[in-house]
Protein chains: 2
Amino acid sequence: MTTQPSETVETRRPLNKERVLKAAIDLADREGIRALTMRRLAEELGVEAMSLYYHVSNKEALLDGVVDMIVGEINSELATIDVPRPEDDWKRAMRMRILTAREMMLRHRWAPNVIEERTTISPQMVLYFDGLIEIFHRGGLSYDLAHHAMHALGSRALGFTQELFEPDEQAEPDVSSDAMLETMSDHVPYLVAMLNDITHDEPETTLGWCDDQTEFLFGLDLILDGLERRGEEADGA
Amino acid sequence: MTTQPSETVETRRPLNKERVLKAAIDLADREGIRALTMRRLAEELGVEAMSLYYHVSNKEALLDGVVDMIVGEINSELATIDVPRPEDDWKRAMRMRILTAREMMLRHRWAPNVIEERTTISPQMVLYFDGLIEIFHRGGLSYDLAHHAMHALGSRALGFTQELFEPDEQAEPDVSSDAMLETMSDHVPYLVAMLNDITHDEPETTLGWCDDQTEFLFGLDLILDGLERRGEEADGA
DNA sequence: ACCTGAACACCGTTCAAGT
DNA sequence: ACCTGAACACCGTTCAAGT
C-alpha cells in the first residue's frame, strides 16, 4: 500500500507504452544510456521488470520506440515554427529544420548513438526525411540531386555529427591530453601546429574543446552551398 | 593435454595483448560485434575468460585496443601506397588516403560504431589525423581552414558515414519496406516521388539499396570542392 | 487487462590461489 | 609470468500464475 519513492500518487495509474517510453528518455537524460536497463526502468516506474514486457515486446523495441518518440517531438516542433517557403529560400528553410532537430539532439546527447545503432526504420523518421526532400524539390533541385544530398548530409540531416575526438559526456578536465600532445609533438607536428595556431585567441581551447555549434554550421553550409552550385550547374547544362 | 578445437598446435603458445586483439577483431568479423564478449573471446583462444584480464585491463580497454589496431593497419597500408605530393594535388592525395581508410572500414563493418562509442583517444588515430592535416597544410590551406575541414569531414575522414536507413548487416530481403512505402505514399509523397524517380533505370533499387560507394564519393567530393573554394576565397581577399 | 515470482542463460569483473 | 576457480552483482527474457 505504500507509494514508491520516485512516484507521486497521481502517476500511479496503470502503465502504457507512452509512459514507458517517456520514463526511458527521462532516465537516459538523467543518468546516461548505460543506466537504461529494463530492471532499472521498471524500478523507476515503481513496477517489476517483467511488467514492461506487457507494453513493449523487448529492449530493442523499447529503443525503437524511444527514437521514434524523439524524432516525433522534432516533427511536432517543426509544425510550430515559421520557415521561409522553399521556393523562396530553400537553403534557409533546410537550415532551420536541421537546426531544430539539432536542438533536440543536444537535449538528448545519448540519442545519436542509439539512432545509429537502430536497424529498423522509424515512421517518424520517414516523415522527417520526407519533409527534407520536399524542401529540396520545391527549392528546384532534381530528385536525383536531392537523393545525393540526403546521403551527403547523412546524420547531419538529423542535426548531429560524430565528433571523433569528443571527450566523455561529463568529462574530467583531462590534463593528460595536453601533456600527451607535448610528448607527441615530434610525431604529430602538423596537428600540434594546427592547435597552436587555432588556440591563439581562446587560451582554453584544445582538442575537442572546439565550438561544436560553429563547426556544425560550417560543415552544414559547406554542403548546402555545394548542393546549390551542383543544382545550378545542372540547370546551366 | 588435448588441443582446443579452434586452436592449431602452433598457436597454443602463451597469449599476449596482440594476439588477444587480433582474435577479437577476427571474432567480430565472423560473428558480429555482439558475439565479442570476454567469455566468448576466451573460448576462441582456448583459455578461461579471466585469463584475458592479464593482458587487457577490462573490456573497454579491449575495444580501445581493437580500434587502435585497426587504425594502425590503415596507417601501415598508407605507408605503402603512392600518393601525389600535396603541393601538387592535395585533393587527390586526401581522397586516396580517405578511400584507403574506407577499404579497412568495409572489411570491418562493425568498426564504425565501435569507434564512435570510444571516449579515449587512440594514438594511431592521432597519427592518422596528423597525416590529414599535413596534406591540408602542404596543399596551401590555412590551419584555421584545416581545422574547420576536419570537423566538416567528421567520420568521413576515417572513410565512413552513418547511413541512417541502412538495413541490418546480413539483412533479410525485407519486402515489408516496399509494402510500407506503398501504404505510406499519401503521407510521404516526396520521398515516394524521389524513389520512383531514382529507381527508373535500376529496378532493384529502393530505400537503402543505394550504391554506397558512389554516394560516399559524392559527399566527399562535395566537401573537398567546397574547402578548395573557401581556400581560394581567403587567398583572394 | 495488467502485473508478478521464480527461474534461465547469459554478462563483466574481483580476488585469492595455483603452476 | 601466466593462468584458473569460485563467486558476485548484474543483464534480458520466458513462462506459468496471480488479480
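Proteins get letters first, then strands, A, B, ... in listed order; numbering begins at 1 in each.
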- Query: Is any side-chain N or O of Ser51(B) closer than 4.0 Å to OP1 or OP2 of dC2(D)?
  - Reply: no

- Message: Can you tell me the base-pairing partner of dT19(D)? Count Watson-Crick or G-U wobble geometry only, both distances below 3.5 Å, and say none if there is no partner.
- Response: dA1(C)

- Take Glu48(A) and Tyr54(A), find for each the nucleotide of DNA chain C with the closest heavy atom, and name the residue whose nucleotide sits nearer the 5' end. Tyr54(A)

- Message: Regarding Thr37(B), tell me which of base, sugar-phosphate or nothing describes its non-hydrogen contacts under 4.0 Å with the strands shown.
- Response: sugar-phosphate

- Task: Could you check Leu52(A) against Glu60(B) and say which one's nearest nucleotide on DNA chain C is further toward the 5' end?
- Result: Leu52(A)

- Query: Under a 4.0 Å N-O cut-off, is there an ion pair linking Arg39(A) with Glu48(A)?
  - Reply: no

- Could you check whether Met38(B) gets within reach of a base, just the sugar-phosphate, or nothing at all, counting any heavy atom under 4.0 Å? sugar-phosphate

- Task: Taking only the side-chain nitrogens and oxygens of His55(A), find out if one of them lies under 4.0 Å from OP1 or OP2 of dA1(C).
- Result: no

- Task: Kindly point out which of dC2(D), dC3(C), dG12(D) is positioned nearest to the side chain of Pro14(B)?
- Result: dC2(D)

- Query: Got a sec, which residues hit salt bridge (charged side-chain N to carboxylate O under 4.0 Å, His left out) with Glu73(B), two or more places apart in sequence or on another chain?
  - Reply: none

- Message: So that I can tick it off, tell me whether Asp26(A) and Arg30(A) are bridged by a salt bridge, with the cut-off set at under 4.0 angstrom between side-chain N and carboxylate O.
- Response: yes

- Nucleotide nearest Met50(A) when distance is taken to its side chain, options dG5(C), dC3(D), dC3(C): dG5(C)

- Query: Is the shortest side-chain N to carboxylate O distance from Arg107(B) to Glu77(B) below 4.0 Å?
  - Reply: yes

